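One structure is given below, encoded as structure tokens.
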Amino acid sequence: MSRRAVAAALALAIAHASDPLSYHGGSVLAMAGKKSVALVLDKRLGQGNALVGDEACRVLECGPRAVLALRGLQGDVQTLLEDVDAKLRLRRLEEGPSAASEPKAVSALVSVMLYGGRLSGGAPGYAVEPVICGLGADGAPYLCAQDGLGARMVSDTFVVAGTAASSLYGACEATFEADLEGDALLDAALAAMAAGLDRDCLSGREVVVHVITRDGTTSMERTLEPSIP
């Protein structure tokens, strides 16, 4: 290997080690179907290229049909999940059990919390990338991805986040079809996730799947096989 190649590899390793969003790895994908949403995220917890664990928790069910998924620095992930849960509990004590139960309301709450550090003149308090998804009161899918400052990107097809995001965009473009339901939506989301992970070593193949319908949220675990032989 030439000196130039070694230097490039070393620079890439340093960049990953100094980036809090990439340090622990992880990727998230949410795809919309016909009055349903599929959310897929891996469970790998890394330290750069090293594997620390495969049971990382990055999800909070915020309501019967609303889910918050996070990726980033694992300590910040856990802290933000607990903070959001506490704020939702407090609001429901004040306003009733159905308060802030829709994904759009959860998205607004998370966005305000992430940007709160800027209002006081400080740096952002969480090194995370949230994905909020679910169904609105009319049954329409809601997908929202945010950056660490709470800037929102809403889509009616799919959203992605994580170290495999660049390859997940292309994979989702290839597998997404409008108005998929049931197993067809689940297969499309899993196929996109598997293809995206083929090009990323910082996300794991042990994934958790959350399928959100009008009846509620169903969770399951899957092991993804490489899509490239």
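Scope of the values below: all heavy atoms of this structure, side chains included, with no hydrogens, waters or symmetry mates. Worth saying up front: this structure is predicted, and the values here are computed from it rather than measured.
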Is [X] linked to [Y] within one hydrophobic cluster, defined over Ile, Leu, Val, Met, Phe, Trp and Tyr using a side-chain heavy-atom separation of less than 4.5 Å?
X    : Y    : result
L197 : M31  : yes
V28  : V77  : no
L41  : L186 : yes
V40  : L135 : yes
V207 : V160 : yes

Minimum side-chain heavy-atom gap [X]-[Y] below 4.5 Å:
X    : Y    : value
P130 : L68  : yes
I212 : S36  : no
L70  : Y126 : no
V128 : L114 : yes
S166 : R199 : no
E61  : H210 : yes
E173 : F158 : yes
V211 : M220 : yes

Just verifying a value: how many Å separate [X] [atom1] and [Y] [atom2], rounded to the nearest 0.5 Å?
X    : Y    : atom1 : atom2 : result
Y115 : D147 : OH    : CG    : 10.5 Å
S27  : E129 : OG    : CD    : 9.5 Å
M113 : D83  : CE    : CG    : 4.5 Å
I132 : C62  : CD1   : SG    : 8.0 Å

If you compare all heavy atoms of [X] against all heavy atoms of [Y], which two are closest, and at what distance to 0.1 Å?
X    : Y    : result
R91  : A100 : NH1-CB, 3.9 Å
G150 : S111 : O-OG, 2.6 Å
A32  : F176 : O-CE1, 3.3 Å
A171 : G196 : CB-N, 4.2 Å
A188 : T175 : O-OG1, 3.3 Å
C172 : L29  : SG-CD1, 3.3 Å

Between the side chain of [X] and the main-chain N/O of [Y], is any donor-acceptor distance below 3.5 Å?
X    : Y    : value
T217 : P64  : yes
D76  : A127 : yes
R71  : V131 : no
Q146 : S107 : yes

(request) Answer yes when R205 and D200 have at least one side-chain N-carboxylate O distance shorter than 4.0 Å, and no when they do not. (result) no
(request) For the pair D85 and R89, find out whether any cationic side-chain nitrogen is under 4.0 Å from an anionic carboxylate oxygen. (result) yes
(message) List the residues meeting salt bridge (Lys or Arg N to Asp or Glu O under 4.0 Å) with D187, not counting sequence neighbours, and say none if there are none.
(response) none
(message) Going by salt bridge (Lys or Arg N to Asp or Glu O under 4.0 Å), name the pairs with one or both residues in residues 29-45, residues two or more places apart or in two chains.
(response) K43-E55, K43-E221
(request) Report, as yes or no, whether the 6.0 Å neighbourhood of atom CD on Q78 holds more than 12 heavy atoms from other residues, nucleotides or ligands. (result) yes
(request) Report the C-alpha distance between M193 and S203 in whole Å, list the side-chain angles of each, state the deciding distance to 0.1 Å, and finish with yes or no for side-chain contact (heavy atoms from CB on, under 4.5 Å). (result) CA-CA 10 Å; M193 191 70 166; S203 300; 6.0 Å; no
